[in-house]
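Letters A, B, ... mirror the listed sequences (proteins, then strands); counts begin at 1.
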Amino acid sequence: MIHIHEAGGSSPSLPTIATHSRLYLMAKYYVTTSIPYVNGDPHIGFAMELLYADVLARRARQQGDEVIFTTGTDEHGGKVAEKAAEQKLEPKAYTDQISQRFRELGKLLNVSSNRFIRTTDPGHEQRAQLIWKTIANDIYKGKYVGWYCTGDEAFFTETEVKANNGICPVHKRPYEKIEEENYFFKLSKYTAAVNEAITKDEYRIVPTTRRNEILGMLKSGLEDISISRPKDKIGWGIPVPSDATQVMYVWFEALMNYITVLGYPEHEDFKQYWPAQVQVIGKDIIRFHAGVWPAMLMSLKLPLPHQLYVHGFITVDGKKMSKSLGNVIHPGDIIAKYGVDACRYYFLRHVPSYEDGDFSWERLEAVYNNELANELGNAVQRTVVMIQKYEDGVVGVTPPAEHDIAQYEAALANCRFDRALDEVWEQVRGLNQYIDEEKPWAIAKAGDKDHLRSVLAYQVSSLLNIAVLLEPFLPETSAKIKGIFGDKLRPLEGTLFPKHDAPAA
RNA sequence: CGCGGGGUGGAGCAGCGGCAGCUCGCGUGGCUCAUAACCACGAGGUCGCAGGUUCGAGUCCUGCCCCCGCAACCA
């Protein structure tokens, strides 16, 4: 049995406007994040990945799809065992702790994932062994030859060894040539087929630059990869079936999570939800997801995911985030000061969806004040006040929205979250311009009740439309706006985004 | 010749063959419904450097310089 953990998914909100333009058939929608390796606490890099996947999941639900949205943690391997030993913990006890922090990260960010898989779940381990047996035809025993430094307890590449003239610069001793018995996966056999699937966009990789990158790698062909480790060297892993001396190489087994979490092979969820619509990953692990993973699926005779979305990395004040620099940003710090939606907004709009981006408190402050408080928050506020002043708080009949959302939809289909929000903000600006042009206060003075009512109704309609478009991105804000302009006016206690005076530390 | 991404007004970015554009910041004006918010107008760029193709080049080609990743077993 597989462990299924229900995370705090929000109830799907019914689309009011977005769907009237097209007929959308209810479908199964499966979206995944990568499962981060638990050798450290979560930071904003993975937080961003959760947010991207969350937008896709929420949008799909909004369209009426049934959604499975998975995330989880990758918990085996030498590095984890080392970390655990440092803290004088058993590996499992250590990963229990860290895994929990990743789970909490999702809640903190209001991410609507509904399954959380750990590679140490018994279900995953059993299914991984089953997968191994299923693709046994593509697995063979071979020798891995490498340069090993006993000081580092690690292998080094040929080029690295050459660059150091055969002597480890840290430990001042020669690298040893070590042969190791490993199992290998016939990755080479599938190179051509993977290449074709990507070329034909059957397995669509966005952005295009990433697609080109992987096609370049595939052109020279992929070599078979070692997929096991001797148990006496790295004990913390899933045993290879029928060979007690070996455990599975972490990566090989971790990739399987995308199907074991659905209950591959027999569970109904697997049958209904695979292949995934979109798999969200970071640029560092593209070769595993665009090279190894599709080959594994082909070996299993399973269809490939429809789309792989590769995001970039975040720098902080232009510098790489690192513990030694002490500039690691924790999502909790941002949320504590600005709220969860402001945090979501920053990463979704101001980190380029197709490239690396930068975070700084100054920029967050500016964005919060200008775009969230002034433009959106104030548009809501002025509309609320006008309805109170001129209409005794009565919201009239609102006309359906007439905005063209083709650009917004196209942006989302291509995982251009930044562009999608640009489109929404076009409407926010448009609304503020509309108010200034129509001058409802002047109409009120002139006493033209009908005209006034239609202008205010338009404002409300525009805001409700914005709320719908915003739902996948800023679910709380969206709900608040919808709540204010329901059948009757229900103003908030304060404002949507209260202004801050002092910048954050 | 390892591979890839990038260098456009103070900042962040778009444009990828046809008058250099957007957001922030800055300046001026307008408005008063509003969270000193909103709206309009303006200043500010020889588009990394040097050649070339073209009637015309951020935009195509060649060479160079500078940043940032990746470089196969650490996941």
Work out how far the P atom of B:rA14 is from that of B:rG5, and round it to whole angstrom.
14 Å

Side-chain ion pair, A:D356 and A:K283, N-O less than 4.0 Å:
yes

Could A:K231 and A:D243 be called an ion pair, given the rule that one side-chain N must be under 4.0 Å from one carboxylate O?
no

Say you pick atom C1' in B:rC66 and the same atom in B:rC49; how far apart are they, in whole Å?
10 Å

Within less than 4.0 Å of OP1 or OP2 of B:rA75, is there a side-chain N or O belonging to A:Y249?
yes

Charged N-O contact under 4.0 Å between A:D436 and A:R382
yes

I'd like to know if A:D201 and A:R211 make a salt bridge, using a cut-off of under 4.0 Å between side-chain N and carboxylate O.
yes

Between B:rG4, B:rA40, B:rG5, spot the one nearest the side chain of A:T209, thanks.
B:rG5

Any donor-acceptor N or O pair under 3.5 Å, side chains A:N370, A:E375
no

Distance check needed: B:rA34 P versus A:L496 CG, whole Å only.
17 Å

Base partner of B:rU53, which must satisfy Watson-Crick or wobble distances under 3.5 Å:
none

Is the A:Y52 to A:Y309 ring centre distance short of 6.0 Å?
yes

Length of the CG-C1' vector between A:N432 and B:rC31, whole Å:
13 Å

Any salt bridge between A:K189 and A:D138, counting N to O under 4.0 Å?
yes

Scan A:R429 against the nucleic acid and name what it touches under 4.0 Å (heavy atoms): base, sugar-phosphate only, or nothing.
sugar-phosphate

RNA chain B: A:E371 or A:N212, which has the more 5' nearest nucleotide?
A:N212

In whole Å, what is the span from the CD atom of A:E365 to the P atom of B:rG12?
19 Å

Take atom C1' in B:rC47 and the same atom in B:rU32, then report the distance between them in whole Å.
41 Å

Closest to the side chain of A:R229, out of B:rG12, B:rA75, B:rA34, is B:rA75

Does A:N370 place a side-chain N or O at less than 4.0 Å from the phosphate oxygens OP1/OP2 of B:rG25?
yes

A:K283 has its side chain closest, among B:rA34, B:rG69, B:rA72, to B:rG69

So what's B:rG29 paired with, Watson-Crick or G-U wobble, going by both distances under 3.5 Å?
B:rC39

Would you mind pulling out the nucleotide paired to B:rG58, Watson-Crick or G-U wobble, both distances under 3.5 Å?
none

Quick check for you: among B:rA75, B:rC74, B:rA14, whose closest atom lies nearest to any side-chain atom of A:K79?
B:rC74

Which whole number of Å gives the distance between the P atom of B:rG9 and that of B:rA71?
32 Å

Would A:H350 and A:Y345 count as a close aromatic pair, with their ring centres under 6.0 Å?
yes

Considering only B:rC24, B:rU35, B:rA75, which nucleotide approaches the side chain of A:F497 most closely?
B:rU35

Scan A:R349 against the nucleic acid and name what it touches under 4.0 Å (heavy atoms): base, sugar-phosphate only, or nothing.
nothing

Rounded to whole Å, please give me the gap between CG in A:N378 and P in B:rA34.
10 Å

Go through B:rA34, B:rA14, B:rC39 for me and flag the one nearest to the A:Q381 side chain.
B:rA34

Nearest to the A:F288 side chain among B:rA40, B:rC33, B:rA75, which nucleotide is it?
B:rA75

A:K439 vs A:V385, nearer the 5' end of RNA chain B by closest nucleotide:
A:K439

With a 4.0 Å cut-off on heavy atoms, is A:D74 in touch with a base, just the backbone sugar-phosphate, or nothing at all?
sugar-phosphate

Could you tell me the separation between the CZ atom of A:R382 and the C1' atom of B:rC33, rounded to a whole number of Å?
6 Å

B:rC74 and B:rC68: how far apart are their P atoms, nearest whole angstrom?
25 Å

So if I take every side-chain heavy atom of A:R287 and compare against B:rA72, B:rC24, B:rU35, which nucleotide ends up nearest?
B:rA72

Check A:E213 with A:R210, please: is the shortest side-chain N to carboxylate O separation under 4.0 Å?
yes

Is the base of B:rG56 syn or anti, if syn means a glycosidic angle within 90° of 0?
anti

Check the phosphate of B:rU32 against A:K445, side-chain N and O only, distance under 4.0 Å to OP1 or OP2. Yes or no?
no

Which base, if any, makes a Watson-Crick or G-U wobble pair with B:rG45, both distances under 3.5 Å?
none

Considering only atom C1', compute the distance from B:rC73 to B:rG17 and round it to an integer number of Å.
47 Å

Take atom CD of A:E375 and atom P of B:rU35, then tell me their distance rounded to the nearest Å.
17 Å

B:rA75, B:rC38, B:rC31: which one has an atom nearest the side-chain heavy atoms of A:W441?
B:rC31

Below 4.0 Å: OP1/OP2 of B:rC33 and any side-chain N or O of A:Q388:
no

Mind checking if A:E355 touches a base, just sugar-phosphate, or nothing, with heavy atoms under 4.0 Å?
sugar-phosphate

Interatomic distance at P, B:rG44 relative to B:rA20, whole Å:
15 Å

Without decimals, in angstroms, what is the distance between A:M248 CE and B:rC74 P?
19 Å

Tell me what A:I225 touches on the nucleic acid: a base, only sugar-phosphate, or nothing, going by heavy atoms under 4.0 Å.
base

Using a 4.0 Å heavy-atom cut-off, does A:G77 contact any base of the nucleic acid, only the sugar-phosphate backbone, or nothing at all?
nothing

Protein-nucleotide distance (A:M256, atom CE; B:rA75, atom C1'), rounded to Å
16 Å

